[in-house]
Protein chains: 2
Amino acid sequence: MPTDKNIELTINDGHASAPPKAAKKILDVAYDLFYRRGIRAIGVDEIVKRAGVTKPSLYRSFPSKDELAASYLRQYDQEYWERFDEAVAAHPGDPRAQIKAFLTRIGKRTQMAEYRGCGMTNAAVEYPEHGHPARVVSEANKHELRRRLRAMAVAMGAQDADTLGDGLLLLIEGAYISGQLFGLGGPAQTVARNADLLIEASLKK
Amino acid sequence: MPTDKNIELTINDGHASAPPKAAKKILDVAYDLFYRRGIRAIGVDEIVKRAGVTKPSLYRSFPSKDELAASYLRQYDQEYWERFDEAVAAHPGDPRAQIKAFLTRIGKRTQMAEYRGCGMTNAAVEYPEHGHPARVVSEANKHELRRRLRAMAVAMGAQDADTLGDGLLLLIEGAYISGQLFGLGGPAQTVARNADLLIEASLKK
DNA sequence: AGGTATACGTACCGATCGGTAACATTGTCA
DNA sequence: TGACAATGTTACCGATCGGTACGTATACCT
């Protein structure tokens with residue numbers, strides 16, 4: 001007897017290699033659960049239950065829970081740089097305005113109810129052991145962030161570009177953490193303004 | 001860097017109720033394990049094993065694992081403010097120097113091998129749900145930190161004291177996180193310098 | 001239609017999770 | 001010596017953990 005299935009939501013065009021539908025549902029649910037409540041806090045049983053699939057389906061698409069977590073972070077990484085590039089593209093040739101746009105957006109996100117910080121940062125805290133699949137993705141994301149911020153500090157003409165780039169990174173990470181610690185009205189809402197003050201103080205005179 | 005176990009720390013005089021020795025051993029071991037590897041990652045079995053005690057002993061001194069975690073954080077909180085007050089006491093009447101001393105110390109700690117960030121911050125990331133015993137202690141610690149930093153920003157004569165205080169908090173939290181993410185040579189080593197730049201840019205002219 | 005590869009479900013595994021019951025042993029101080 | 005509190009011992013609980021063996025349904029391609 002045909003139970004009422006969920007709404008068909010095939011995004012892929014007809015010609016691409018048809019990926020298992022279950023894998024996408026699983027990853028979508030895992031993304032949401034891992035981000036909101038933490039990776040260690042979520043068991044695979046809850047994921048498959050909420051996704052409307054069964055456990056063997058999960059393990060056919062993902063070798064392990066750790067690798068599923070890494071997949072979640074890889075998708076997070078992709079969306080992260082999309083947001084970053086949007087801020088960059090909005091102000092061509094003006095790195096200071098690019099930073100300001102990116103941080104203003106972060107500041108706004110941190111003021112949303114139930115804000116849970118950066119999935120990358122959180123994963124690194126949850127998995128301190130080097131070499132863990134989730135941590136590897138997280139570390140790569142952060143190193144790339146540092147590289148970009150330092151490059152933008154150079155482009156801004158800072159006296160000490162590496163220090164300014166690192167200072168911006170500290171402010172950003174601080175915003176991610178304090179956003180989920182303080183909620184509305186917390187320190188994270190000042191990240192763009194503080195960054196601008198720091199930039200101003202770091203430019204060549 | 002946590003436990004300094006040599007120092008005898010009997011607070012009670014001879015008449016007070018003699019505290020169980022097992023409780024101290026358990027808390028010491030839990031402190032070390034929770035801090036280094038995370039609270040969720042450590043089971044009570046490993047704690048009692050490393051402490052050389054048995055599980056019933058743990059549950060005679062602590063109502064639950066969550067409360068043991070909260071006890072760990074309460075001790076962390078105590079030691080945290082001791083370090084803070086040391087930096088303050090070293091520069092009486094000079095809040096800017098106090099901040100600099102505190103952040104220089106943080107910057108140094110972040111460059112130690114196996115640095116694991118702030119136990120408070122990590123606990124808040126591990127337990128996002130409001131009302132969790134561990135999170136309650138963590139949030140109280142962070143609110144107190146914000147209060148002190150803002151008060152010091154006032155004492156420094158900042159144009160916008162709340163913004164500067166919050167900016168310093170962002171830098172500090174960023175140092176805690178990036179310290180454990182990047183290890184040696186990471187952005188956290190610049191926290192004192194960046195804070196000083198931010199302070200300079202925030203003072204009344 | 002028929003075969004075949006692929007996706008999926010049922011049922012189960014051993015290990016570990018946090019936590020407890022009941023009782024034996026110890027150390028301390030009056 | 002007696003009494004009492006603290007600790008140890010052993011065995012156990014139900015729940016959940018991540019992961020899998022194996023049979024069944026479905027889609028596609030001649």
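Scope of the values below: all heavy atoms of this structure, side chains included, with no hydrogens, waters or symmetry mates. Naming: A, B, ... by sequence-line order, numbering from 1 per chain. Everything numeric here is computed off the predicted structure, so don't read it as measured data.
Residues B:L149 and B:I172 meet the side-chain proximity criterion, which asks for heavy atoms closer than 4.5 Å.
Sorted by first and then second residue, the salt bridge (Lys or Arg N to Asp or Glu O under 4.0 Å) pairs involving residues 106-125 of chain A (not counting sequence neighbours) form an empty list.
The distance between atom NZ of B:K21 and atom P of D:dG8, rounded to the nearest whole Å, is 9 Å. At whole-Å resolution of the value, CG in A:D45 and C1' in C:dG9 are 15 Å apart. Distance NZ (B:K65) to P (C:dC17): 8 Å, rounded to an integer number of Å. Atom CZ of A:F62 and atom C1' of D:dT20 are 18 Å apart (whole Å). Here D:dG19 presents its C1' atom at 12 Å from CG of A:D66, a figure rounded to the nearest Å. Between the CG atom of B:L68 and the C1' atom of C:dC17 there is a distance of 15 Å, rounded to whole Å. Taking atom NZ of B:K24 as the reference point, atom P of D:dA6 lies 18 Å away to the nearest angstrom. In this structure, the CG atom of B:L33 is 12 Å from the P atom of C:dC17, given to the nearest Å.
Taking side-chain N and O atoms only, B:S57 has a distance below 4.0 Å to OP1 or OP2 of D:dG8. Residue B:Y59 places none of its side-chain N or O atoms closer than 4.0 Å to OP1 or OP2 of C:dT20.
When heavy atoms are screened at a 4.0 angstrom cut-off, A:I42 is found touching the sugar-phosphate backbone but no base atom.
At least one cation-pi condition fails for A:R83 and A:F102: the charged atom is not both under 6.0 angstrom from the six-membered ring centre and inside a 45 degree cone around its axis.
Nearest-nucleotide positions on DNA chain D for A:P56 and A:G43 put A:G43 closer to the 5' end. Projected onto DNA chain D by closest heavy-atom contact, A:V44 and A:R60 fall at different nucleotides, the more 5' of which corresponds to A:V44.
Residue B:K55 places a side-chain atom within donor-acceptor reach of the base of C:dG19, judged by atom type and a 3.5 Å distance cut-off alone.
Salt bridge status for B:R135 with B:E126: absent, with no side-chain N to carboxylate O gap under 4.0 Å.
Heavy-atom neighbours of B:R96 CZ from other residues, nucleotides or ligands within 6.0 Å: above the threshold of 12.
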